[in-house]
Amino acid sequence: MSIAGWQDALREVTGVAGVRGALIISAEDGLVIAETAMDDLATADVAALSAALVSRARRCTAALHATPPESVHLVGERGAVLAVAGPAPLWLVAVARDDAELGRLRLVLRDAAGALH
Amino acid sequence: MAFLELGERLRQRGQLAAAATVALAGLGHYPAVADAHDLLARIRADQGNDAGAIAAWHATLECDTGHLGARKGLAFIAFRSGEFALAERYLEAAAMGAPHDATILAALDRVRSLPRGSTEDAVRLADPASGVLLFDMQGMRLAGTVADSGDVSVADAVSADAAGLAREATRAARLLGLGAVRHIVLETADARIAVIPVRHDAALLLHRSASTPLGRLLALGGRAAHAAREWLERMQ
């Protein structure tokens, strides 16, 4: 997929109400590959922390003898981070407010991550 | 092994006493063969001896932790006894081993659609079939195990890694201003896993098949967290 295609995927995600930003990250090194986000969102921090979370999630599923995670959701009282695997090592990550429609966001992320190939 | 075929043929003909004799004789020679215990369990179930069937299916799982027939058999007995939540848990465990088995998925749909009593969905932390694992934030297992294995060494390893995940989630939530962690959900091709903080020093993990709706997983997680808090208070 082209860079323009990636930006389209990110715009689709940020089009969901309550989403503060969307990023494509490299889960191997925690770096931002592409992003569309509000100014106050520290996307470098989001990328690094999401990659660390994905790494921990992989260890957890390996211990369970399950297949590797395809998505990781971290939901807090004031917001959420949802990450969905794209073509390795890319992950599509969204940061949402607590009033976001997480069910819809999850589906949009899955579609958009599938389109990153 | 010829006795397996002979025993099964006798069972299907309804000659249950003869089938049991064959199965027990076979087990005398091959006590570690899971299918032999499974045969005996099916015979006991046909005889209406639920306790005998359950014991034999547990023996089957000791020989082969992923034995599908034993999971389905235990679900059948639970269903026949009206313990629908237990039946669902056994079917969930079976679905994790065979996520595309249409018979298991259909049975899961059916059992989930049945009305439950108020105590039916109670979370039993000590029940290995519950698939609820409680651990402290240092990664030490406190209670429970994981659904597809009664092996405590697996449960201990999962506790250690799940605690690492919970700590990482807490750190990420703090640094990103997300507030206190409500839950972490992992979706894999064959499973859905929820990690839910119970208190500042403990969390629990729920492990279910990929067929489990996320909302249902989280609803069960909420009940499990409540049960875990009560359990922790009793322990102190």
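Note that the coordinates shown come from a computational prediction; the quantities given were computed from them, not determined experimentally. Per chain, numbering begins at 1; letters A, B, ... match sequence-line order.
When the candidates A169(B), A194(B), P197(B) are compared by the number of heavy-atom contacts under 4.5 Å with chain A, A169(B) comes out ahead. Looking only at heavy-atom pairs under 4.5 Å with chain A, the residue among D190(B), L205(B), T170(B), V195(B) that has the most is D190(B). No other option in A173(B), A157(B), A160(B), A189(B) has as many heavy-atom pairs under 4.5 Å with chain A as A189(B).
Only the side chain of I193(B) comes within contact range of chain A, judged by heavy atoms closer than 4.5 Å. Interface remark: P69(A) contributes backbone and side-chain atoms alike to the contact with chain B (heavy atom separation under 4.5 Å). Looking at R192(B), the atoms closer than 4.5 Å to chain A (heavy atoms on both sides) all sit in the side chain, from C-beta outward. Heavy-atom distances place both the backbone and the side chain of V81(A) under 4.5 Å from chain B. Of the two parts of R58(A), neither the backbone nor the side chain holds a non-hydrogen atom closer than 4.5 Å to a non-hydrogen atom of chain B. In this structure, no portion of A85(A) lies under 4.5 Å from any heavy atom of chain B.
In plain terms, the two heavy atoms of C60(A) and L186(B) that are nearest each other are CB-CD1, 4.4 Å.
Atom OG of residue S71(A) and atom CG of residue L214(B) lie 7.5 Å apart, to the nearest 0.5 angstrom.
For R42(B), the side-chain hydrogen bond (donor to acceptor under 3.5 Å, both in side chains) test picks out E8(B), D38(B), with sequence neighbours left out.
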Contacts under 3.5 angstrom, residues 87-101 of chain A side chains, donor-acceptor by atom type, not counting sequence neighbours:
residue: R97(A); atom: NE; partner: D99(A); partner atom: OD1; Å: 3.2

Checking L165(B) against L53(A) for the side chain to side chain contact (heavy atoms under 4.5 Å, CB included) test, could you report, in this order, the C-alpha distance in whole Å, the side-chain angles of both residues, the deciding distance, and whether it holds? CA-CA 7 Å; L165(B) 175 64; L53(A) 207 56; 4.0 Å; yes
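Side chain of T188(B) to main chain of A66(A): no donor-acceptor pair is present (N/O by atom type, distance under 3.5 Å, no hydrogens or angles).
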